[in-house]
Amino acid sequence: MNPLAELKTECEKLLVDALEEAYPGTELPPVKYSEPPSPDMGAISSPACFQLARTLRQAPAKIAENLAQCIKPEKGGVVASAEAVNGYINFHTDLGGYSELVLKAAIEGDEGYGFLKTGEPKKVMVEHTSANPNSPLHIGNARNSILGDSLAKLLEKRGHDVVRHFLVNDMGRQVAMATYGWRLLGKPEPKTPAELWVGTIYASVNVITELNRFRTDLKEAEEQGWVYEAQEARDEIEKYETAADGLKNRFPGLYESLAKTLLGVEDPMAEIVTLNTAYENNEPEAVKDVRQVVRYCLDGFEASLGQLGIRFDSFDYESDLVWKRAADEVLEALNESGYVIKERGAQILDCDWVARDLGLKERWGLHPEHEIPRLVLVRGDGTTLYTLRDMAYHIWKFGFVDRVINVIGMEQNLAQLQLRIALAAIGKQWMGDNLLHYSYEFVKLPGVKMSGRLGRYVTLNEVLDKAVELAYMEVDKRNPRLGEADKKDIARMVGFGAVKHTLLSVDPMKQVVFDWERALNFETNSAPFIQYSHARTCNILKRAEKTPDPDYEQLVDVKEKELVNLIAHFPEVYERAAEELKPGDITAYANNLADRFSSFYATQRVIDAETEGLIGARLALVDATRITLRNSLEVLGIEAPERM
RNA sequence: GCGGUCGUAGCUCAGUGGAUAGAGCACGGGUCUUCGGAACCCGGGGUCGCGGGUUCGAAUCCUGCCGACCGCGCCA
């Protein structure tokens with residue numbers, strides 16, 4: 001299952017024995033192994049001599065020499081020899097034995113190859129996407145969805161029991177605004193795509209009311225002769241007018257129709273607040289309308305993400321928590337904790353006090369001097385704020401899972417920290433300990449930031465459509481005789497793969513500027529490149545008419561050794577990626593493997609190799625590559641076509 | 001002001017204490033009598049933001065500074 005681990009164990013034993021012989025009584029430092037720059041220098045190497053240099057008071061190179069001389073590989077093992085180079089001890093593997101061990105592990109492991117199981121399986125919830133249900137998913141939300149789903153897959157393969165949840169933020173003003181606009185239009189049936197249509201209504205209402213507001217401001221400023229204020233208003237008006245132009249192009253007549261209707265409304269914001277309050281109070285008419293608008297959006301989300309194979313186990317409505325008065329108990333517990341301050345009728349949690357009192361700063365690795373801002377729980381007028389509901393939501397989550405991973409943008413860093421502190425304040429520190437905010441940076445458009453309020457975004461659907469269209473042209477060009485259904489199927493896999501790979505291969509903490517060219521790149525260092533390599537492996541295997549007994553000793557070429565080494569590393573690469581929640585490690589690995597395979601493919605013949613034994617061995621190598629590429633793609637949520 | 005994140009080739013990015021800092025794109029030059037050219041091979045191109053420190057060894061850890069972004073709501 002893990003051939004590399006077997007190799008390491010053997011090296012470890014040889015090192016310990018050699019050390020005892022060369023330097024009796026010396027302890028081998030904790031194991032770390034690295035790969036030599038070239039497979040010609042060995043399959044694996046130990047830098048232990050650098051660590052030993054201090055205690056033994058000798059140069060690392062000298063120690064390595066002495067140690068290497070004492071290393072006596074056993075017969076039947078996979079280590080053939082060891083040599084000292086620059087202070088490293090490089091282990092060479094037995095020509096046939098190691099290749100056989102690795103390739104058999106991959107081929108026999110097949111669909112399970114590399115997915116090392118955890119010793120402590122847990123119930124884990126991954127909450128991701130949770131986009132406001134009043135605008136379409138854009139490429140920024142997509143980063144969240146794709147990361148979240150990949151995390152879920154990584155954890156599942158590790159043996160955890162994973163559920164995927166989506167929090168429906170239906171209590172906000174934004175949703176009320178969208179619903180209000182929909183009512184103004186006479187509650188029409190949505191145009192498609194429905195979520196873009198709803199998003200346009202929402203942004204239009206927002207832009208129109210803001211424009212009206214700033215125009216009034218401007219008029220007043222001009223009358224009063226306030227130069228600065230007037231200029232400020234003019235700048236805002238310009239910004240919103242630009243947004244309005246964009247919106248007018250989306251659904252003909254929609255913006256104009258809303259603008260006309262809103263002209264007759266004296267205070268639209270007041271009406272939106274009224275609708276929001278009615279919804280909060282569970283009034284049937286409001287519930288019916290708001291839920292309808294939310295439904296339009298969620299159906300769209302499910303359709304877009306469903307294409308990508310991303311699905312949820314549950315959609316949790318914030319309003320349900322409100323109607324159940326779930327926050328009441330939480331507030332009571334907080335008040336009993338003694339950490340709550342009252343100020344002009346408001347109730348405020350002193351987060352810094354909690355953190356100091358419970359030693360959370362040290363426990364969670366926060367700056368000890370840093371004062372954590374306090375958190376208002378209840379307003380002066382007695383109404384509650386979001387955090388209370390969020391606490392109730394998380395207590396509910398922890399009712400059936402051991403660990404929660406929230407995939408949420410980094411702008412919520414403080415809010416998520418305060419949430420954990422608040423949970424600790426009411427004696428639920430274990431929840432704080434097991435709540436991970438998986439933070440990521442937003443996606444920028446060249447020059448501007450995306451904004452739902454202004455209706456300014458590149459939608460996920462747009463990106464997917466364009467990617468698939470491009471992929472189709474590519475497939476059609478290369479494989480014109482393929483059936484139409486097959487072409488479409490392949491184009492879908494390739495196009496979606498390209499988009500996913502682009503978003504997964506960049507560190508989540510890095511801001512990315514959305515770039516069509518990069519997202520739709522099909523060349524080396526992309527999903528299509530990996531998929532293409534996979535298709536090639538399949539093709540070779542399909543064309544092989546016979547599968548002679550492999551003679552692994554004939555795999556002597558550097559390119560073959562590189563491939564064997566890479567395949568051997570997959571279990572550990574996966575394990576690390578799953579433990580550290582870094583899908584990017586897998587994209588890098590898969591690229592590397594595909595790259596090395598392409599290089600092998602260019603120079604080594606497989607099905608008409610020189611000898612029968614070599615044909616068999618290379619077929620095994622190709623098969624193991626195929627399996628490893630496919631398994632890598634699987635945890636990334638990218639499909640592996642057998643031809644393209 | 002305080003806190004967080006980021007700063008690596010012209011561009012987009014890998015690289016969380018080990019050997020000569022790597023890919024792709026772009027640029028220049030090559031490879032097909034071929035299991036699929038979405039390919040392969042070669043080349044130019046780097047003060048790893050700047051300065052100090054820790055270490056046998058630092059892009060990586062610590063510290064100061066500079067720059068970009070985010071946060072510090074009785075919003076959600």
Side-chain angles (χ1 to χ4, degrees), chain A residues 32 34-38 41 45 47 49-51 53-54 59-60 85-88 90 132 169-175 318 343-348 366-367 369-387 389-390 409-415 417-418 439-442 444 449 471 474-475 477-479 494 502 505-507 509-513 515 517-518 521-526 528-533 535-537 539-544 580 582 584-585 587-588 591-592 594-595 598-609 618 622 643-644:
Chain A
K32 272 191 308 185
S34 58
E35 254 179 295
S38 152
M41 298 170 72
S45 84
C49 301
F50 295 102
Q51 290 157 280
R54 176 166 249 187
V85 184
N86 296 333
Y88 288 86
N90 292 349
N132 288 336
N169 276 115
D170 58 344
M171 289 303 311
R173 295 261 167 92
Q174 306 102 309
V175 172
E318 194 190 337
E343 199 177 286
R344 274 174 284 153
Q347 299 175 43
I348 302 163
L366 305 171
H367 198 284
E369 309 275 302
H370 174 224
E371 188 174 321
I372 297 156
R374 56 191 211 164
L375 177 66
V376 178
L377 305 163
V378 180
R379 296 187 185 91
D381 65 6
T383 53
T384 60
L385 279 106
Y386 176 72
T387 313
R389 273 165 265 154
D390 207 18
M410 70 103 76
E411 68 273 10
Q412 301 242 26
N413 276 358
L414 178 59
L417 175 62
Q418 287 173 325
S439 185
Y440 69 96
E441 270 281 8
F442 57 76
K444 272 202 308 195
K449 197 181 165 181
E474 222 35 56
V475 177
K477 193 169 79 192
R478 287 159 210 285
N479 246 327
V494 170
T502 303
S505 59
V506 179
D507 188 297
M509 290 313 292
K510 270 194 172 120
Q511 270 183 30
V512 299
V513 177
D515 175 7
E517 212 169 301
R518 187 173 137 73
N521 162 37
F522 292 173
E523 294 173 31
T524 307
N525 220 340
S526 73
F529 173 64
I530 303 166
Q531 291 170 315
Y532 182 65
S533 299
R536 278 175 148 182
T537 60
N539 203 42
I540 292 173
L541 295 167
K542 202 160 59 193
R543 285 180 174 256
E580 298 183 9
K582 288 174 75 174
D585 285 4
T587 57
N591 265 317
N592 198 1
D595 182 62
S598 295
S599 181
F600 159 80
Y601 181 93
T603 54
Q604 319 292 118
R605 304 291 304 167
V606 179
I607 59 183
D608 45 4
R618 284 188 179 156
V622 170
R643 54 180 180 177
M644 29 193 300

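Everything numeric here is computed off the predicted structure, so don't read it as measured data. These numbers come from the heavy atoms of this one structure, side chains and all, not from hydrogens, waters or symmetry mates. So that the names make sense, note that chain A is the first sequence line, chain B the second, and so on, each numbered from 1.
Two residues are said to be in side-chain contact when any heavy atoms from C-beta on lie closer than 4.5 Å; Val606(A) and Phe600(A) meet this criterion.
Residue Glu411(A) places its side chain closer to C70(B) than to any other of C56(B), C70(B), C25(B). Comparing G4(B), C35(B), C72(B) against the side chain of Asn539(A) picks out C35(B) as the nearest. Out of C35(B), G7(B), C74(B), the shortest distance to the side chain of Ala346(A) is found at C74(B). Nearest to the side-chain atoms of Leu385(A) among the listed nucleotides G37(B), A19(B), C74(B) stands C74(B). Closest contact between the side chain of Asn90(A) and the listed nucleotides G24(B), A19(B), G36(B) involves A19(B).
Distances shown here put a side-chain N or O of Arg379(A) below 4.0 Å from the OP1 or OP2 atom of C75(B). Side-chain nitrogen and oxygen atoms of Thr524(A) include at least one within less than 4.0 Å of the OP1 or OP2 phosphate oxygen of C40(B). Between Ser34(A) and A19(B) there is no side-chain polar atom (N or O) within less than 4.0 angstrom of OP1 or OP2. Contact annotation: Arg543(A) reaches the phosphate of G36(B) (side-chain N/O to OP1 or OP2, under 4.0 Å). Checking the phosphate oxygens (OP1, OP2) of U12(B), no side-chain nitrogen or oxygen of Lys510(A) falls inside 4.0 Å. Between Ser599(A) and C41(B) there is a side-chain N or O to OP1 or OP2 distance below 4.0 Å. Phosphate proximity of G37(B) to Arg536(A): present, with a side-chain N or O under 4.0 Å from OP1 or OP2.
Of all nucleotides present, none satisfies the Watson-Crick or G-U wobble test against A58(B) with each distance under 3.5 Å. Of the nucleotides present, none pairs with U16(B) by Watson-Crick or G-U wobble criteria with both distances under 3.5 Å. For G3(B), the paired base is C70(B) (Watson-Crick or G-U wobble, both distances below 3.5 Å). Under the Watson-Crick and G-U wobble criteria, each requiring two contacts below 3.5 Å, nucleotide G24(B) is paired to C11(B). Judged by Watson-Crick or G-U wobble contacts below 3.5 Å, the nucleotide C32(B) has no partner.
Using a 4.0 Å heavy-atom criterion, one finds that Gln531(A) contacts no nucleic acid atom at all. Counting non-hydrogen atoms under 4.0 angstrom, Glu343(A) reaches a base of the nucleic acid. Contact annotation for Ser45(A): base contact, defined as any heavy-atom pair under 4.0 Å involving a base atom. Here Phe442(A) lies in heavy-atom contact (under 4.0 Å) with sugar-phosphate atoms only. Nucleic acid contact for Lys477(A): none, since no nucleic acid atom lies under 4.0 Å from a heavy atom of the residue. Asp507(A) comes within contact range of the sugar-phosphate backbone alone, with a heavy-atom separation under 4.0 Å but no base atom that close. Within the nucleic acid shown, Asn413(A) comes within 4.0 Å of sugar-phosphate atoms alone, with no base atom in reach, counting heavy atoms only. Within the nucleic acid shown, Val175(A) has no heavy atom closer than 4.0 Å to any nucleic acid atom. Residue Met509(A) is classed as a sugar-phosphate contact, given heavy-atom separations below 4.0 Å to backbone atoms only. Counting any heavy atom pair closer than 4.0 Å across all strands shown, Gln604(A) reaches a base atom. Using a 4.0 Å heavy-atom criterion, one finds that Ile607(A) contacts the bases of the nucleic acid, with or without backbone contacts as well. Nucleic acid contact for Glu474(A): base, since at least one base atom lies under 4.0 Å from a heavy atom of the residue. Looking at heavy-atom distances under 4.0 Å, Pro37(A) makes contact with a base. If you check every strand for non-hydrogen atoms under 4.0 Å, Arg173(A) touches nothing.
Atom P of G46(B) sits at a distance of 7 Å from the matching atom of G10(B), rounded to the whole Å. Taking atom C1' in both G7(B) and G51(B), the straight-line distance is 16 Å, to the nearest Å. Remark: the separation of the C1' atoms in U16(B) and C41(B) is 33 Å, to the nearest Å. On the C1' atoms, G17(B) is 11 Å away from U54(B), given to the nearest whole Å. Look at the P atom in both G44(B) and C50(B): the space between them is 23 Å, to the nearest Å.
No hydrogens or angles considered: nothing links the side chains of Asp595(A) and Thr524(A) as a donor-acceptor pair under 3.5 Å.
Glu371(A) CD: 12 or fewer foreign heavy atoms inside a 6.0 Å radius.
Comparing Ser598(A) and Glu523(A), the nucleotide of RNA chain B nearest to each residue sits closer to the 5' end for Glu523(A).
Listed for the Arg618(A) side chain is a donor-acceptor partner under 3.5 Å among the backbone atoms of Arg605(A).
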